[in-house]
Amino acid sequence: MAIATRITRIDRLTAVLAVPLLAALLLSVLSYRPNRIAPPEPRSLADVFDGGTVSAIIASAVLLTIVLLVQHRPAVRAAIVGLAVIIHVVLLGWGAQILMEGSAPAARVSPGTGFWLGFGALVLLLLDAIARLQPSIRARAALLVGTVAALAFVLRSGLLADLSLAAEYRGRSDAFHRATLDHLTLAFGSFLAALIIGLPAGVLIQRRRRLRDPVLNLLTLIQTIPSMALFGVLIVPLAWVAANIPGAASAGIRGIGMAPALIALFLYSLLPIVANTVAGIDAVPHNATEAATGMGMTGAEQLRMVELPLAMPVILAGGRIVLVQNIGLATVGALIGSGGFGTFIFQGIGQTATDLILLGVLPTVALAFLASAIMDLMIAMFRGQSQ
Amino acid sequence: MTMLRWILLLAITGGLLFAPNLLEPMLRPLAPAGGPVLYNRATLSSLTGAHLMLVVMAMVPSTIIGLTLAVLVSRPAGAEFLPLSRTIANIGQTFPPVAVLALSVPLLGFGSLPTILALFLYGLLPIFENTLAGLRGVPGAVALSARAVGMTPGQVLAQVELPIAMPLILEGIRISTVIALSTATIGSTVAARSLGEVIIAGLTSNNLAFIVQGGVLTGCIAVLIYDLFGLLIAFAKHRAGIETGDQL
Amino acid sequence: MIAFEALTKSYDGRNVVDNVTASFATGTITAVVGTSGSGKTTLLRMINRLIEPTTGCVQINGRDVSELPEVALRRSIGYVIQGYGLFPHWTAARNIGVVPRLLGWRTSEIEARTAELLRLLQLDPAQIGPRYPHQLSGGQAQRIGVARALAARPDVLLMDEPFGALDPVIRRQAQRDLSEIQHQLGTTIILVTHDMNEALRLGNAIAVMRDGRFEQFAPPSEIVCAPATPFVAELVGEEGRALRLLSLTPVGPHLRTGEAPGDPVADTASLSDALSEMIWTGRDRLPVADRSGRRLGVIERADILSAGRRAAPV
């Protein structure tokens, strides 16, 4: 022990991640197809770049690994790895451009195994460095804004315009914007509705002990039902409403489409919001509510000024669960015609077109990640902690 | 109340699986005129079997690996990997299960294999996270006592930490299993055999009777399995010396 | 005998235990007193190797503990901590039997030993044995913790704030019980506490610890009469010093021959008990009797008062 602390300690995580990081250099970094449906052909670093560039890339990767093995300060690690991620993405765009220059316009270039492996290893190293840095709320917010801005810049700059994914997007930009709108409507519309109903419901059953178990049991039961089953079964009553209630059909209510998906997502959202409202208010320290009663607050004042503010982090945690869950589940809505990013995913599965699947998956994941990061920040702000 | 719920669930599940003809009159109004009322391309019981098989094939390795990983990072030797593994578990769960499923297709093609891979990968996270929470929830004084009475590290884990963490571990397996049951339904879009097939068939042929059969059956099975885990968890809580009644 | 030799533990270059050399006699209670962060818990845990020293060593009966297999060492030493750390998933009886079970005793032996210990601690084996920790009162849980530590008949018992979680009435009873058991079994006990009164009440010797060092290591009367440093003096407290000293001294050595009327006091009672009795009943001298009721002599008020007077400066 004593000796180990005196000699330079080797970072074990880097030692493990060095394997994929360096192996990535030997694998296919890009894959090339003469046209959209042709089988992919692997392209190694040497196939894409000239000798000097290849040597420079390999040398920097080895250097990066060595530095990370011995450098322990999280801030330095985060800066170095952050830079490496940016270079990695730039190289992807540059490589795609080189491959496309000598090819027919119908040719397609996608990131290969090597790119994903290296990218994955770098992102893990970056996440680890940030986790160990334990940034303050301000720093986290800045980091989030910076990442979103960098991403937007890369997408707008045309750096990645030669990738197959970008080609898929260009062919469907109208459909993509429509899907974005539908997806946001599904995820946030149901969230808002659940908030409007769930918050008062949570407060109510927190106060009426007898209602608590039946309501929470019912909501748990709903959460347990597989999404496709709930989406499907809701079609039945809605189809009946559309056929039998005058004006319903013209208001956009149909058996399939947006309506059953919105209702299903709303139902799924209720449990986290109601249960967390109850748990949050339950967890308010007894002496705080007693002091509030003691100084003559009415029940409503006590709720507004004491209980809800103190319960807010827990309620927001429920909101985070709902948003992440809804953004993911909204993809399933595509199966019943609700639109959203799921449309591309299921089309892509049908055509075995990876790029089309990614066109649906990447924005969904990015949206879920963004929502959860923002909610995490809000929770941290409400807790008043600086971690 | 609980009894009634069990009877109702078992009756509906049993009816759909073994005596679908009894339910035909109720479903007939939902089927298109002249179209089939009962799903006829496969028996519901064989699809249920295939569906559950997908879940079991994924959940067994998920449990073994998720549990092992959580134990490893909670040991002093794995402490260096703890912050990152928690971040991954946290971020990984923002990944929608459908996305994991869709991305398994380019890797493994169509069929059961990509579905099992997706269920397995997604199932790891809740099991890992809950096992970790369970192990970290062992009171410090208890863990210290276990060492102080002279237990070996293996004895501390097997005799003290795991039994005390068991309710939370089972809770994690329950969450994973419920998600897996749901994602397995969607697996039928990548040609895995599951009950989702019935719902998809209903959607494509505009046959509400199919949708109701498939939807109600999957829903009932999911709730039954959820309740079954509930019993298991209550038992584990009792064994872990946790007072039941005021919890849950 | 337990001995520390230049025992040091440092974390990040800071010495939590700083070069402590001391030895504790077999069959006595040593109380280690200090404020939180003084290093007393670290010191205790180095004895059963829950913490390994940075330098120096701990010896038990002349053997360096670092040469003993740590699991075997811990099974041979009893350990009681604040909060007791009872295993919540095991019954009280199974908790008590854990070390014998680890040592591979036969089931019948374990059961007999468990019942014996429960009775020793005045608990009904049939009633308390099958209960789970969450079904025990604080006092019962504390006694189960002590019973568990004693189960394999250890020669050494380490106690870290063992009474800290008890309310005052139960605490006094638990302290009396511990003295009683220690007399009966002759176990060597090292007890860590932040409560000087507890240390004075229980310890045959007291080590006052501050910043990882022993400020003073002496019998209780010396700690009260001649505190070595201002810190020790502050821990003992200025007020009531005389009465505290009297409470540490038994009546026995101050006997005079003679007789006096009224109820006798026991020869094991403290001088402060005797004085209190005098004030209460308005007497100047009390008869003294031993446990069997035999009259031994009398105790005079003037003798008590002079026993409590500060020793003349040397």
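Reminder, nothing fancy here: chain letters follow the sequence lines and each chain counts from 1. Values in this document were obtained by computation on a predicted structure and should not be read as measured data. All heavy atoms count here, side chains included; hydrogens, waters and symmetry mates do not.
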[atom1] ([X]) with more than 12 external heavy atoms under 6.0 Å:
{"X": "B:Phe229", "atom1": "CZ", "result": "yes"}
{"X": "A:Phe119", "atom1": "CZ", "result": "no"}
{"X": "A:Phe115", "atom1": "CZ", "result": "yes"}
{"X": "B:Arg75", "atom1": "CZ", "result": "yes"}

Considering only heavy atoms, which portion of [X] lies under 4.5 Å from any heavy atom of chain B: side chain, backbone, both, or neither?
{"X": "A:Leu329", "answer": "neither"}
{"X": "A:Ile357", "answer": "side chain"}
{"X": "A:Ala353", "answer": "neither"}
{"X": "A:Arg12", "answer": "both"}
{"X": "A:Val123", "answer": "neither"}

Within a strict 4.5 Å, meaning less than it, do heavy atoms of the [X] and [Y] side chains meet?
{"X": "A:Ser227", "Y": "B:Ile186", "result": "yes"}
{"X": "A:Asp11", "Y": "B:Glu80", "result": "yes"}
{"X": "A:Met228", "Y": "B:Ile200", "result": "yes"}
{"X": "B:Thr218", "Y": "A:Ile225", "result": "no"}

Taking every non-hydrogen pair under 4.5 Å, which of [options] racks up the most with chain B?
{"options": "A:Ile345, A:Val365, A:Val332", "result": "A:Val365"}
{"options": "A:Arg132, A:Gln223, A:Arg320", "result": "A:Arg320"}
{"options": "A:Leu125, A:Leu362, A:Val16, A:Leu221", "result": "A:Leu221"}
{"options": "A:Ala229, A:Gly350, A:Gly232, A:Gly337", "result": "A:Ala229"}

As an exercise: rank [options] by heavy-atom pairs under 4.5 Å with chain A and give me the winner.
{"options": "B:Thr183, B:Leu208, B:Leu30", "result": "B:Leu208"}
{"options": "B:Thr185, B:Val216, B:Ile225", "result": "B:Thr185"}
{"options": "B:Thr189, B:Thr87, B:Val105", "result": "B:Thr189"}

- Task: Apply side-chain contact (heavy atoms from CB on, under 4.5 Å) to the pair A:Phe231 and B:Ile199, showing each step before the final yes or no.
- Result: CA-CA 10 Å; A:Phe231 281 49; B:Ile199 303 174; over 6 Å; no
Atom pair [atom1] ([X]) and [atom2] ([Y]), whose distance is rounded to the nearest 0.5 Å:
{"X": "B:Ser85", "Y": "A:Asp128", "atom1": "OG", "atom2": "CG", "result": "9.5 Å"}
{"X": "B:Leu84", "Y": "A:Leu13", "atom1": "CG", "atom2": "CG", "result": "5.5 Å"}
{"X": "B:Arg5", "Y": "A:Asn217", "atom1": "CZ", "atom2": "CG", "result": "6.0 Å"}
{"X": "B:Phe110", "Y": "A:Ile349", "atom1": "CZ", "atom2": "CD1", "result": "7.0 Å"}
{"X": "A:Ile235", "Y": "B:Asn206", "atom1": "CD1", "atom2": "CG", "result": "8.5 Å"}

Side chain, backbone, both or neither: which part of [X] has a non-hydrogen atom closer than 4.5 Å to chain A?
{"X": "B:Ile88", "result": "side chain"}
{"X": "B:Ser104", "result": "neither"}
{"X": "B:Val223", "result": "both"}

- Item | B:Thr94, B:Asn90, B:Ile91 screened by side-chain contact (heavy atoms from CB on, under 4.5 Å) with A:Ser372, the one that passes | B:Thr94
- Message: For B:Gly219 versus A:Pro226, what's the shortest heavy-atom pair and its separation?
- Response: CA-CD, 3.9 Å
- Could you go through the side-chain contact (heavy atoms from CB on, under 4.5 Å) check for A:Leu358 and B:Leu103 one step at a time? CA-CA 8 Å; A:Leu358 282 175; B:Leu103 291 177; 3.6 Å; yes
